[in-house]
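Input: a single structure, listed below in C-alpha cells.
Atoms considered below: every heavy atom in the structure, side chains included; atoms not considered: hydrogens, waters and symmetry mates. Owing to the predicted nature of the structure, the values given are computational and were not obtained by experimental measurement. Letters go in sequence order (proteins before strands), and every chain restarts at 1.
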Amino acid sequence: MTEDLNQVMRTRREKLELMEDRGIRPFAYRYSRTHQAVEAVELFRQEESAGTLDAEGHGSPVSVAGRLMSFRGHGKSAFGHLEDASGTIQVYFRRDLLGQESFQNVLDLVDLGDWLGVEGELFRTRTGEVTVRASTWELLSKSLRPLPIGKTETDPETGERITHSGFGDIEARYRRRYADLAVHPEVREVFKTRSRIVTAIREFMDDEGFLEVETPVLQPVYGGAAARPFLTRHNTLHRTLFLRIADELYLKRLIVGGFEKVYEIGKDFRNEGIDRVHNPEFTMLEFYQAFADYQDMMDQVERLLVHVVDRALGTRTLTYQGAEIRVEPPFRRIRLLEALEDAMDMDPLRATEEELKERAYRLRLPDLEVAGRGKLLDKLFEALVQPALQQPTFILDYPRELSPLAKLHRSNPSLTERFELFVAGQELANAFSELNDPMDQRRRFEEQAGLRARGDEEAHQVDEDYIRALEYGLPPTGGVGIGLDRLTMLLTDQASIRDVILFPILRTEEQGQ
RNA sequence: GGGCCGGUAGCUCAGCUGGUAGAGCAACGGACUUUUAAUCCGUAGGUCGAGGGUUCGAGCCCCUCCCGGCUCACCA
C-alpha cells in the first residue's frame with residue numbers, strides 16, 4: 001500500500017492538498033456540538049408540537065457532529081446524513097445560505113466517511129424528514145480510505161431498512177472490526193448489549209455483597225479447569241509461566257483468607273481449537289460464597305440470570321436462533337444420571353465400563369481410548385441429552401472423575417455436588433460445592449496425575465500451594481463459573497462467539513495493501 | 001487436523017465446453033436550490049489470493065501453499 005494507492009485513496013489525498021491551498025485544516029482539534037443526532041430530532045419535534053417554530057417553520061439552531069454516511073448533490077444544494085453514536089440526522093447544504101466559498105468546499109472536499117460538524121436551524125423537509133439547514137460546517141477529520149458504506153433504503157411497506165451492496169465479507173469484517181462497526185449500527189448494538197450484561201452482573205454481585213477482586217493471569221501452576229494452557233516465559237525469573245485457564249483456585253484461596261463472597265470477571269486462555277463457540281481467550285465470571293453449597297448457588301445463578309435479562313434486555317422471553325427461550329424461574333433441575341437413564345433406556349450406574357463404551361461406539365463418538373467411566377458418561381450426555389436442553393435447565397450431580405475440585409455428593413460418593421446450567425443446548429454455567437478437604441483434594445489431584453499419565457493432556461496438575469491453602473481451612477463454599485461470551489451470544493441471538501468478541505483471533509493476514 | 005464451499009475493481013457480485021475481464025454502487029468531470037438506493041450525460045479504475053505446471057493461449061484445467069466460512073474432530 002506504499003505506492004499504489006487506488007484511485008479513491010489518491011483523490012482523497014489530493015483533496016488534502018487542495019485543503020491546504022484553501023486554508024482548511026483536515027484534522028480538527030475539537031468541536032462544540034449542542035445535540036446528538038437523535039436529541040436534535042427530538043428537540044425539533046418538541047418545538048413543533050409546542051408551536052414555537054418561526055414563520056418559515058424553522059426551529060432552534062443546533063450543532064451536530066458525526067460521520068457522513070450519505071451525500072446527494074443537487075447543483076446549488078446538497079443533502080447528506082451524519083451519523084453519531086445516537087443515530088443519524090439529515091443535513092442540508094445550500095449555496096445561498098453557506099455562501100459560494102463554503103458551499104464549494106462541501107462539493108470539492110467532502111467524502112463519505114468524513115467526520116463533519118454542522119451548525120444550523122432545524123426544519124422539516126418537504127418529504128417530512130427533520131434536517132439541519134447548515135449555516136456553517138466544519139471538517140473534523142478527513143477520511144482517506146473509503147468505508148464500505150452500503151446505500152440503504154426503507155421499505156415503504158414494511159418499514160424495514162434494506163442495505164444495498166455494503167460490507168459483507170466476513171473475514172474482512174473481523175479483521176477490520178473498526179470498519180464493520182462504522183457501517184453496521186446493529187453490530188455496535190450487540191456490543192452495547194454485552195456491556196449492559198456486564199454492568200448488570202456487577203450490579204447484582206455488588207448488591208449481594210460480593211467483593212470484586214483480581215487474581216493472577218500469569219500463573220506458575222495452572223488449574224481450575226480441564227484444558228491445555230498457553231505458555232509464556234518470564235525473562236528475569238528464568239521460568240515458564242502459564243496464562244490462566246480459570247480463576248477458581250485463586251478465588252478459593254481468598255475465601256481461605258477470610259473474604260466470604262468474592263467474584264472476578266476476567267479473561268481466561270485455553271490453548272485449544274477455534275470454532276463457533278470457542279475463542280482462545282474468553283471472558284469468565286466466577287463467584288464464590290462461603291457457607292453455601294451447590295443448591296444455594298443454583299438459586300444464586302437463577303436470580304443472577306433473571307436480573308441480567310431484566311436489566312440488559314428488558315424481557316425474560318428471548319429468541320435464540322429461532323427458538324423461543326424463557327428465562328423464568330424456577331429452572332428445571334434434573335440429575336445427570338436420570339437424564340441419561342431416560343435417554344439411554346438403561347441405568348448408567350449399573351452399566352459396566354464396557355457397556356458404556358459399547359454404547360458410545362454405537363453413537364460413533366470418537367476418542368474413547370483414554371476415556372474412563374466418567375468421561376464416557378459425559379460424552380453420552382453431550383450426545384444424547386444436551387442438545388435437547390433448550391429451556392434453562394440445571395443438570396445435577398456429575399461423576400467424581402470429571403470433577404476433581406468438587407465435593408463428593410453427601411449421599412453418593414461416586415458423584416460430586418456439581419451442576420451445570422444449559423440453555424439453548426449450550427453450557428452456560430458450571431458450579432459445585434467446593435471440595436474443602438485437603439486430604440481428599442490431594443487424592444483427587446493424584447488421580448488427575450494418573451489420567452495425565454494415561455495421556456489426558458487436560459488433566460489437572462498437582463497444585464501444592466493450593467493444598468496448603470486448604471490445610472489452613474476453607475469453609476464450606478459454593479462456587480460458580482459463567483462464560484460471558486456465551487451468555488452474550490444467547491442474549492444477542494448471535495450464532496458465533498466471534499460476533500460477541502470485538503477482535504476475535506484470526507490467522508495473521510498478509511502484510512501489504 | 002479431515003470434508004465441503006469460497007477468495008475477480010474501494011464495496012457487492014457476474015464471468016459459458018480455456019480465446020486476452022464485466023455490471024451496479026463508490027470515485028472523477030458536467031447538469032440540477034427540498035433529495036430519500038436522487039436522476040441524467042461522460043470518464044477512469046484490475047498482479048482475477050500466492051507460486052508452479054499443462055496449453056499457441058489460463059480468472060477458468062492440474063499441483064503446492066496462504067486466508068476465510070460451514071462442518072466433523074478437538075474443546076466441559
Side-chain angles (χ1 to χ4, degrees), chain A residues 1 4-12 14-15 57 70-81 88 90-98 103 107-108 111-113 123-129 131 133 143-156 161-175 179 183 225-228 245-246 270-280 282 364-367 374-375 378-379 381-382 386 395 398 402-403 418 420-422 426-430 457-458 481 483 486 495-498 504 506-510 512-513:
Chain A
M1 213 259 308
D4 247 4
L5 298 178
N6 70 52
Q7 184 186 24
V8 177
M9 292 181 66
R10 263 200 321 273
T11 58
R12 290 196 181 190
E14 284 160 15
K15 286 177 184 179
S70 69
F71 189 83
R72 299 174 290 282
H74 295 269
K76 297 186 184 68
S77 74
F79 287 90
H81 279 96
T88 65
Q90 182 164 257
V91 290
Y92 176 44
F93 302 97
R94 286 173 67 115
R95 191 169 74 173
D96 61 3
L97 246 159
L98 284 167
F103 184 73
L107 298 184
D108 293 347
D111 291 296
L112 293 184
F123 77 114
R124 200 179 273 284
T125 64
R126 190 186 290 165
T127 54
E129 183 162 349
T131 301
R133 260 167 77 92
S143 165
L144 295 176
R145 184 183 287 269
L147 269 177
I149 299 170
K151 289 199 172 187
T152 58
E153 67 176 324
T154 310
D155 190 306
R161 220 181 57 151
I162 304 163
T163 302
H164 302 270
S165 148
F167 192 32
D169 185 295
I170 293 170
E171 176 182 356
R173 288 178 53 189
Y174 293 143
R175 286 197 194 282
V183 302
R228 281 183 288 167
I245 58 172
R270 297 188 184 173
N271 206 339
E272 283 153 0
I274 299 165
D275 64 25
R276 226 174 46 255
V277 288
H278 295 88
N279 194 66
F282 61 100
R364 282 187 242 277
L365 300 180
D367 218 41
K375 197 101 182 171
D378 191 44
K379 282 183 177 295
F381 171 81
E382 266 178 43
Q386 185 175 332
I395 297 292
Y398 281 68
L402 292 174
S403 316
R418 170 184 180 182
E420 293 191 339
L421 172 65
F422 292 88
Q426 276 290 324
E427 178 200 333
L428 210 63
N430 180 23
E457 287 182 79
E458 288 144 18
R486 289 187 188 170
S496 169
I497 199 167
R498 292 187 190 93
L506 296 170
R507 287 175 207 273
T508 325
E509 88 180 303
E510 292 169 45
Q513 86 75 44

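For rG68(B), the OP1/OP2 oxygens have a side-chain nitrogen or oxygen of Arg507(A) closer than 4.0 Å. Under 4.0 angstrom from either OP1 or OP2 of rG10(B) there lies no side-chain N or O belonging to Arg145(A). Listed pair Arg12(A) / rA27(B) fails the phosphate criterion, with no side-chain N or O lying under 4.0 Å from OP1 or OP2. Dashed line: the shortest gap from a side-chain N or O of Lys76(A) to OP1 or OP2 of rU35(B) is not under 4.0 Å. Between Lys15(A) and rC28(B) there is a side-chain polar atom (N or O) within less than 4.0 angstrom of OP1 or OP2.
Not a single donor-acceptor pair, N or O on each side, falls under 3.5 Å between the base of rU34(B) and the side chain of Arg126(A). Donor-acceptor pairing under 3.5 Å, judged by distance alone, is absent between the side chain of Arg95(A) and the base of rU33(B). Judged by atom type and distance alone, Gln90(A) reaches the base of rU35(B) through a side-chain donor-acceptor pair under 3.5 Å. The base of rU35(B) sits with one of its N or O atoms less than 3.5 Å from a complementary donor or acceptor on the side chain of Thr125(A).
Between the C1' atoms of rC61(B) and rG18(B), the separation comes to 8 Å (whole Å).
Nearest nucleotide to the Tyr92(A) side chain, out of rU33(B), rC28(B), rU12(B): rU33(B). The side chain of Arg228(A) approaches rC74(B) more closely than any other nucleotide in the set rU35(B), rA37(B), rC74(B). Between rU33(B), rC74(B), rA38(B), one nucleotide has an atom nearer to the side chain of Ser77(A) than all others, and that is rU33(B).
Comparing Asp275(A) and Arg498(A) by the nucleotide of RNA chain B whose heavy atom lies nearest to each, the residue mapping closer to the 5' end is Arg498(A). Of the two residues contacting RNA chain B, namely Phe123(A) and Phe167(A), the nearest-nucleotide position lying further toward the 5' end is that of Phe167(A).
Computed from coordinates, the Glu171(A) CD to rC5(B) P distance equals 19 Å when rounded to whole Å. Taking atom NE2 on His74(A) and atom C1' on rA37(B), their separation rounds to 12 Å, with Å as the unit.
Using a cut-off of 4.0 Å between Lys/Arg side-chain N and Asp/Glu carboxylate O, Glu153(A) and Lys151(A) are scored as not salt-bridged.
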